[in-house]
Amino acid sequence: MSEIMLQQTPVVRVLPVWRAWLDRWPTPAALAAAGPADVVRAWGRLGYPRRALRLHAAATRIAHQHRNEVPNNHAQLLDLPGIGSYTAAAVAVFAFGQRHTVVDTNIRRVHARLFGAKALPAKSLTAAETRLADRLMPKDTELSVKWNQSVMELGALVCTARSPTCHECPVFEQCAWIAAGRPEPDYVPKGQSWHGTDRQVRGAMMAVLRHSSDPVPVSLLLTDRSGAEQLATRIENPGRDSAELLARLWSLPAPPEQRERALDGLVKDGLASRRDNTASLPD
DNA sequence: AACCCGTGGAC
DNA sequence: TGTCCAAGGGT
């Protein structure tokens, strides 16, 4: 549960939600018994809400096909929805104490600097990076678990993406990147655009749907600020928060086609259901 | 390989 | 203010 929540979301934001989920759904079967709408609402603003659906789907599979116990087998973990190479290894290693090669963004960055003399790892995970991580890992199982944890922590706390604190790095003396004079990155990372994107529209729509207990007229989701006034009378009991969330959605600089596309995308991803000219969280 | 998918804190 | 980026996965 925590590993899926931690995919691209910082620990400090995951912690309170994770605790609440454990309290509310202590077992895979308990989570499986919940409806996707409740799951998406409980996900709140962790971001990438499709992860909530995948976690729910994984819990369902675990409940029904694995006797309500999280498999301790790497291949079986990898087969679950929302669990890729990193998460499967992380669970096998950190939950079950097994020896597997863990390669996350922190480990990739540490290795890129320490051994590659690069400021940043490759744009996407390469086979060479996995081979290197595998080769560096201690043979002893217990030690390999600590190794994976340690390298990850080093990247998360010291060898950070921006302004690493090299003066407190335990392997400063052996760092190839330091030896090379801390050269700049050889490429410019493609920043995740946000303003004006479908994602921004989807996010605003999801905020409205999460907050609304009743189906939302599609026209309210698809209109913009110019059309909002004539529709305002259709909001029967908007509530203060709903009105604010709708206002935020309407104020986005998104043309009608983009709003349609965003809603269709949500439906396609199973994050929203649409019928009778209304939209709501998935059934 | 390249691209898509949310959200908010730090700088 | 705007940019960066975070314990990735799926297509």
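The shown structure was predicted, so the numbers you read here are calculated from the model rather than taken from an experiment. In the text below, chain A, chain B and the rest are named by the order of the sequence lines, each starting its count at 1.
Only P10(A), listed by number, bring a heavy atom of residues 10-31 of chain A to less than 4.0 angstrom from any atom of DNA chain C. Within a heavy-atom distance below 4.0 Å of DNA chain C, the residues of residues 52-63 of chain A found are R54(A). Using a 4.0 Å cut-off on heavy atoms, the residues of residues 80-114 of chain A that approach DNA chain C are P81(A), G82(A), I83(A), G84(A), S85(A), Y86(A), T87(A), D104(A), T105(A), N106(A), R109(A), listed by number. Contacts between residues 118-147 of chain A and DNA chain C, defined by a heavy-atom separation under 4.0 Å, are absent.
E129(A) pairs by the side-chain contact (heavy atoms from CB on, under 4.5 Å) definition with R108(A), P121(A), A122(A), L125(A), T126(A), not counting sequence neighbours. With sequence neighbours left out, the side-chain contact (heavy atoms from CB on, under 4.5 Å) criterion links A57(A) to P81(A).
Taking the side chain as every heavy atom from C-beta outward, D214(A) and T278(A) never approach each other to under 4.5 Å. Contact of the Q258(A) side chain with the R261(A) side chain is registered, since non-hydrogen atoms from C-beta on lie closer than 4.5 Å.
Alongside W194(A), the hydrophobic cluster contains no other residue (criterion: ILVMFWY side chains under 4.5 Å). When hydrophobic side chains of Ile, Leu, Val, Met, Phe, Trp and Tyr are connected at separations under 4.5 Å, M152(A) ends up clustered with Y86(A), V93(A), F94(A), V102(A), I107(A), V110(A), L114(A), F115(A), L132(A), L136(A), M137(A), V145(A), W147(A), V151(A), L154(A), L157(A), V158(A), V171(A). The hydrophobic cluster analysis finds W177(A) isolated: no Ile, Leu, Val, Met, Phe, Trp or Tyr side chain comes under 4.5 Å of it, directly or through other members.
dG9(C) and dG8(B) are spaced 23 Å apart, taking the P atom of each and rounding to whole Å. dC4(B) and dA7(C): their P atoms are spaced 23 Å apart (whole Å).
Scanning DNA chain B 5' to 3' for nucleotides with an atom closer than 4.0 angstrom to a non-hydrogen atom of chain A gives a first and last hit of dA1(B) to dG9(B).
When heavy atoms are screened at a 4.0 angstrom cut-off, Q149(A) is found touching no nucleic acid atom at all. Residue D269(A) is out of contact with every strand shown, counting any heavy-atom pair closer than 4.0 Å.
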Side-chain atoms of residues 25-41 of chain A: list all donor-acceptor pairs with protein atoms under 3.5 Å, sequence neighbours left out, distances to 0.1 Å.
from   : atom 1 : to      : atom 2 : distance (Å)
T27(A) : OG1    : A30(A)  : N      : 3.1
R41(A) : NE     : R210(A) : O      : 2.9
R41(A) : NH2    : S212(A) : O      : 2.9

Using a cut-off of under 3.5 Å, enumerate the N/O to N/O pairs linking the protein to nucleotides 1-3 of chain C.
none

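Using a 4.5 Å cut-off between side-chain heavy atoms of Ile, Leu, Val, Met, Phe, Trp and Tyr, with links allowed through other members, L80(A) and F96(A) fall into the same hydrophobic cluster.
The interatomic distance linking Q8(A) (CD) with dC4(C) (C1') rounds to 13 Å, in whole Å. If you measure from atom CD of Q192(A) to atom C1' of dA6(C), you get 8 Å, rounded to the nearest angstrom.
Around atom CD of E168(A), more than 12 heavy atoms belonging to other residues, nucleotides or ligands sit under 6.0 Å away.
The two residues H211(A) and S242(A) come nearest to each other via the heavy atoms ND1-OG, 3.1 Å.
A salt bridge does not link R259(A) to D224(A): none of the charged side-chain nitrogens sits closer than 4.0 Å to a carboxylate oxygen.
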